[in-house]
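Just so you know, these numbers come straight off a predicted model, no measurement behind them. Letters A, B, ... mirror the listed sequences (proteins, then strands); counts begin at 1.
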Amino acid sequence: MAELAVRCAGVNLRNPFLLASGVWGESGESLAGAWSAGAGGVITKSIGSVPRPGYPNPTIEAYERWGLLNAMGLPNPGIDEYPREIEIARRAGATVIGSIFAGDPEEFARLAVRMAATGVVALELNLSCPHAEGFGTEVGGTPENVEKVVRAVTKAVTIPVIAKITPNTGDAAGLALAAQRGGASAVSAINTLRALAIDVHLRRPVLSHGLGGLSGPAIKPVGLACVWQIFEKVTIPVIGVGGIASAQDALEYVMAGARALEVGTQVTFDGIGVFGRLATDLSRLLDELGFARLEDAVGVAHRASSVPPE
Amino acid sequence: MRTVVAVTERVAETPSTVTLRFPYPTAAVPGQFVMLWVPGDDELPMSLSYTDGPSKGVTVKAMGGTSRRVQSIRPGDRVGIRGPYGNHFDLSPKRVLIVSGGSGAAALAPAAGRSIAAGSSVTVALGATRAPELLFKERFRAMGAHVEVATDDGSEGAKGFVTAVADRLLQSESFDAVWTCGPEVMMKKVIAAAAPRSVPVFCSLERHMKCALGMCDACAIGPYHVCVDGPVFPAPRLENLSDFGTFHRDSSGRRVPL
């Protein structure tokens, strides 16, 4: 069986499939559950400086198996209470990456120090939530801001820092390059695509917040293009996210340049067992295609000469 | 994925509970819930209190702001419905004891109805704060269930907790299963009462919910998500969960003492 273990952003992962931030992740037992289901690592819900209830419902609209529209509004228990949840996941042996969001570089740095103190192996900075006023894309929407935030955080902590990038500005590669300049150990791309649903009978948006973010298989081609362009611009590892539902999806991201992957929405459609299935299927697919190790496939699609002869 | 429907009927069941009926032909099984959207306000998980036929129903207790506004809905008002979601009661046991606290009867009444229609015998221990709050007492009796009552103030039936009535019934009669819904502290006592008699207990849980799809983690309890692993849980799954009967989670995900 092909080797799935990879080293990404200075972190050893038993396989490339990370639980994406925002899915499960609110409770330690859920993080532990994703780990025991076979995830290569788990990323916490994005945690802020204070508890945040998120938006009223409806916060979600599901489209059969092709997409999920959400505007949860960054609900989270806050950094004072959340370490107990991380502790539960760590006691279960999970590789935990702590996701944080804040309104400016200084708050990011303060929060990063506290998150790092919980024992997480790396931080992921949420610079890309498309539906929270004052956070996410509103902070991480320009290369200048991304660089400032990442620099403030990397100065404040010693663990690896991953910047999660938005696709909504049209220049994910420029944002990724800014993250690299700021000292990021990796970038993850993409967060959700800004999106909307309207109820025609009620003549109003479905989600209480109006605009939300689309995830799931519908956005996979967009995510692939972003990872592709980012890979050509940066030297740090890229973590691919967006609509991964099968081993083939995963390998497309890897060949576009991803060293690790995040899976979220598919948990909704398939349950947490998706992690075990993806790992088994990807290993088999790599075997079929003649790759001994996942690492050997990273970015190969950028080199046309790598196509094996028939 | 939501269906917008006009409410057809509103029934004040007790001083604090209201039933809303609406057309929703999708098949449902007793124990399942729907997400009820009050446009412009919020969307809440609601056990179906009427599961049979094309007209479904929910029975809402006045708790927070949104549940009060749900109660103010009148026939003709439109709401959004999605679901039904979650698992359901196993209706195969032939002798069933139902233990209901407060508005828990909403989830239990349709289970009793189908069970009796299929030939089972059902005994109901029905608890409430006071006599007028005894939810679905006449509905259970009309189905053919044997109903015993407890009220906190003694205004009807036994004075005190319904768990005492349940304990007495478990001592004097034989049951194949216990179905319970109500405050978690009450359900914990029901589990304890049934344990020495080896009667399996199934609890219907109510937790804060957002997505109802097993994604957002709002309804996480131990390793489970109430929306997809529940809302009905066999007692052995709950007994060792430190949160059961002690903590719930608020909308930020903080653990808050019950």
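Contact count versus chain B (heavy atoms, under 4.5 Å) is highest, among G54(A), A62(A), G33(A), for A62(A). Chain A forms more heavy-atom pairs under 4.5 Å with one residue of A220(B), G80(B), G222(B), A218(B) than with any other, namely G222(B). The candidate with the highest count of non-hydrogen atom pairs below 4.5 Å against chain B, out of P75(A), P56(A), P53(A), is P53(A). Your options are C211(B), P223(B), A212(B), and the one with the most heavy-atom pairs under 4.5 Å with chain A is C211(B).
Listed here is the closest heavy atom pair of R255(B) and G28(A): NH2-N, 4.1 Å. Across every non-hydrogen atom of V206(A) and R2(B), the tightest pair is CG1-NH1, 3.3 Å. The two residues I60(A) and M1(B) come nearest to each other via the heavy atoms O-CE, 4.2 Å. When all heavy atoms are compared, the tightest approach of G253(B) to E26(A) is CA-OE1, 3.2 Å. Nearest heavy atoms, L202(A) versus P39(B): CD1-CG, 3.5 Å. Residues W37(B) and P58(A) share a closest heavy-atom pair of NE1-CD, 3.2 Å.
Between the CG atom in L213(B) and the CG atom in L68(A) there is a gap of 6.5 Å [rounded to 0.5 Å]. For the atom pair CG (L31(A)) and CG (D217(B)), the distance works out to 7.5 Å, reported to the nearest 0.5 Å. Between the CG atom in L241(B) and the CD atom in E29(A) there is a gap of 8.0 Å [rounded to 0.5 Å]. Note: S251(B) OG to N76(A) CG = 10.5 Å, rounded to the nearest 0.5 Å. Between the OG1 atom in T59(A) and the CE atom in M215(B) there is a gap of 7.0 Å [rounded to 0.5 Å].
Without hydrogens or angle criteria, R78(B) side chain to H201(A) main chain gives a donor-acceptor distance under 3.5 Å. At distances below 3.5 Å, not a single donor-acceptor pair connects side-chain atoms of N57(A) with backbone N or O atoms of P45(B). Although no hydrogens or angles enter the test, the distance criterion places a donor-acceptor pair under 3.5 Å between the side chain of K45(A) and the main chain of C216(B).
Looking at M35(B), the atoms closer than 4.5 Å to chain A (heavy atoms on both sides) all sit in the side chain, from C-beta outward. Contact annotation for I88(A): only side-chain heavy atoms (C-beta onward) come within less than 4.5 Å of a heavy atom of chain B. In this structure, the portion of E81(A) lying under 4.5 Å from any heavy atom of chain B is its side chain and not its backbone. Proximity to chain B is limited to the side chain of R204(A), based on heavy atoms less than 4.5 angstrom apart. When heavy atoms are compared at a cutoff of 4.5 Å, S208(A) does not approach chain B at all. Contact annotation for I272(A): neither backbone nor side-chain heavy atoms come within less than 4.5 Å of a heavy atom of chain B. With a threshold of 4.5 angstrom between heavy atoms, E64(A) does not approach chain B through any atom at all.
Enclosure of atom CD in E184(B) by more than 12 non-hydrogen atoms of other residues, nucleotides or ligands within 6.0 angstrom is indicated. Residue R74(B) qualifies as enclosed at atom CZ: its count of foreign heavy atoms under 6.0 Å is above 12.
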